[in-house]
Amino acid sequence: VCSSDLNVTSVCASSSHQYPLDIESATGALVGNKIIVCGGWKISSCYEFSHDHNWKILGEMNTKRYGSSSIPIPNGLWVTGGYDGDKRLDSTEIVLSNGTILNGPPLPEPRRDHCLLQYKNTTFLIGGADGNHGGQQSTVWIFKEGIKYVGDGPMMTFARYRYACGIYHSSAH
């Protein structure tokens, strides 16, 4: 882990820092001062990368997940949806930083390759491929207190999946 002039900590490129598995479509986030990464094609493992510069196994999720999304929650990571190799998933899991892994609340319907982001106390699950025909979705689901589904938000103009999203803060917008 390297420090920059801006007091920002980042992971530096080093062969000793390589992720321990050869994976595709995993999900992860910065939780506290550790990076937690979970899942990937036919993978249920979760690993953490901390200031000791090593990846360590954190635990095994109950379900293998590919194309899932996640956000940091207090003391852990909320992992949503994905694909287990046979079907799209509506299940979620809570991966705590102490290695405990719990089943989370189900999504309204199966979803994979979606975007998940947070603003203050609201979480948005956006787009993705549905569980019925794999069609791209323009739905926006809203969750409060991190993981409690409260309803649908406005539909996006265009359906999409396998994309990135983020929140931009500006007083002009």
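In this chain, numbering begins with 1 at the start of the sequence shown.
- With contacts defined as side-chain heavy-atom distances shorter than 4.5 Å, the pair Y163/C115 qualifies.
- L125 places a side-chain heavy atom less than 4.5 Å from the side chain of F143.
- Y119 and L30 fall into different hydrophobic clusters, where Ile, Leu, Val, Met, Phe, Trp and Tyr side chains are chained together by heavy-atom contacts under 4.5 Å.
- The minimum heavy-atom distance between S68 and G81, with the atom names listed, is CB-O, 3.4 Å.
- When all heavy atoms of A26 and V37 are compared, the pair lying nearest together is CB-CG1, 3.8 Å.
- The shortest side-chain heavy-atom distance between I142 and F124 falls under the 4.5 Å cut-off.
- Both I35 and I23 belong to a single network of hydrophobic side chains, linked directly or stepwise wherever heavy atoms of I, L, V, M, F, W or Y lie under 4.5 Å apart.
- When hydrophobic clusters are built by joining Ile, Leu, Val, Met, Phe, Trp and Tyr residues whose side-chain heavy atoms come closer than 4.5 Å, directly or via intermediates, F49 is grouped together with I43.
- A heavy-atom distance below 4.5 Å is not found between the side chains of M155 and V140.
- One hydrophobic cluster, built from ILVMFWY side chains closer than 4.5 Å, cannot hold both I36 and L102; they sit in different ones.
- Side-chain atoms of I73 and I94, non-hydrogen and from C-beta on, do get closer than 4.5 Å to each other.
- Using a distance-only test at 3.5 Å, with no hydrogens or angles considered, a donor-acceptor pair links the side chain of E93 to the main chain of T63.
- Taken from OG1 in T80 to CZ in R111, the straight-line distance is 10.5 Å, to the nearest 0.5 Å.
- Of the residues K87, R65, R88, the one that meets the side-chain contact (heavy atoms from CB on, under 4.5 Å) test with R112 is R88.
- Under a hydrophobic clustering in which Ile, Leu, Val, Met, Phe, Trp and Tyr are joined whenever their side-chain heavy atoms come within less than 4.5 Å, directly or via other members, V31 and L96 fall into different clusters.
- Rounded to the nearest 0.5 Å, atoms NE2 (H114) and OG1 (T27) are 7.5 Å apart.
- For the atom pair CG of L77 and CG of L58, the computed distance is 9.5 Å after rounding to the nearest 0.5 Å.
- Within the 4.5 Å cutoff, the side chain of S138 has no heavy atoms near those of the R160 side chain.
- Taking the ring centroids of W55 and Y19, they lie under the 6.0 Å cut-off.
- In terms of heavy-atom proximity, P72 sits nearest to A29 at CD-CB, 3.7 Å.
- The aromatic rings of W41 and Y83 sit parallel to each other, their planes meeting at less than 30°, with 60° as the upper class boundary.
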Item to check | Steps toward side chain to side chain contact (heavy atoms under 4.5 Å, CB included) verdict (E24, Y66) | outcome: CA-CA 8 Å; E24 178 184 340; Y66 165 88; 3.2 Å; yes

Next on the checklist: Determine whether Y161 and Q137 satisfy the following criterion, side chain to side chain donor-acceptor pair (under 3.5 Å), listing intermediate values before the conclusion.
Outcome noted: CA-CA 7 Å; Y161 77 112; Q137 297 297 302; over 6 Å; no

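- Side-chain contact between N98 and N75 is absent, with no heavy-atom pair separated by less than 4.5 Å.
- Formation of a donor-acceptor pair under 3.5 Å by the D86 side chain with backbone atoms of D84 is not found in this model.
- The residues R162 and D113 are annotated as salt-bridged, a charged nitrogen and a carboxylate oxygen being separated by less than 4.0 angstrom.
- For the pair T139 (side chain) and G127 (backbone), a donor-acceptor distance under 3.5 Å is absent.
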Item to check | Verdict with supporting geometry, C46 and E60, side chain to side chain contact (heavy atoms under 4.5 Å, CB included) | outcome: CA-CA 6 Å; C46 294; E60 297 287 332; over 6 Å; no

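- Remark: S69 OG to I126 CD1 distance equals 10.0 Å, nearest 0.5 Å.
- The shortest distance between side-chain heavy atoms of T92 and P105 falls below 4.5 Å.
- The environment of N121 atom CG is dense: over 12 non-hydrogen atoms of other residues, nucleotides or ligands sit within 6.0 angstrom.
- Within the model, atoms CD1 of I57 and OG of S45 stand 4.0 Å from one another, a figure rounded to the nearest 0.5 Å.
- Going from atom CG of L107 over to atom CG of L116 covers 8.5 Å, rounded to the nearest 0.5 Å.
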Next on the checklist: Checking D90 against E109 for the side chain to side chain contact (heavy atoms under 4.5 Å, CB included) test, could you report, in this order, the C-alpha distance in whole Å, the side-chain angles of both residues, the deciding distance, and whether it holds?
Outcome noted: CA-CA 5 Å; D90 67 353; E109 67 180 51; 5.7 Å; no

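- Ion pairing between a basic and an acidic side chain is recognised when a charged N comes within 4.0 Å of a carboxylate O; E48 and K34 show such pairing.
- Counting only distance, with no hydrogens or angles, the side chain of T123 and the backbone of Q118 share no donor-acceptor pair below 3.5 Å.
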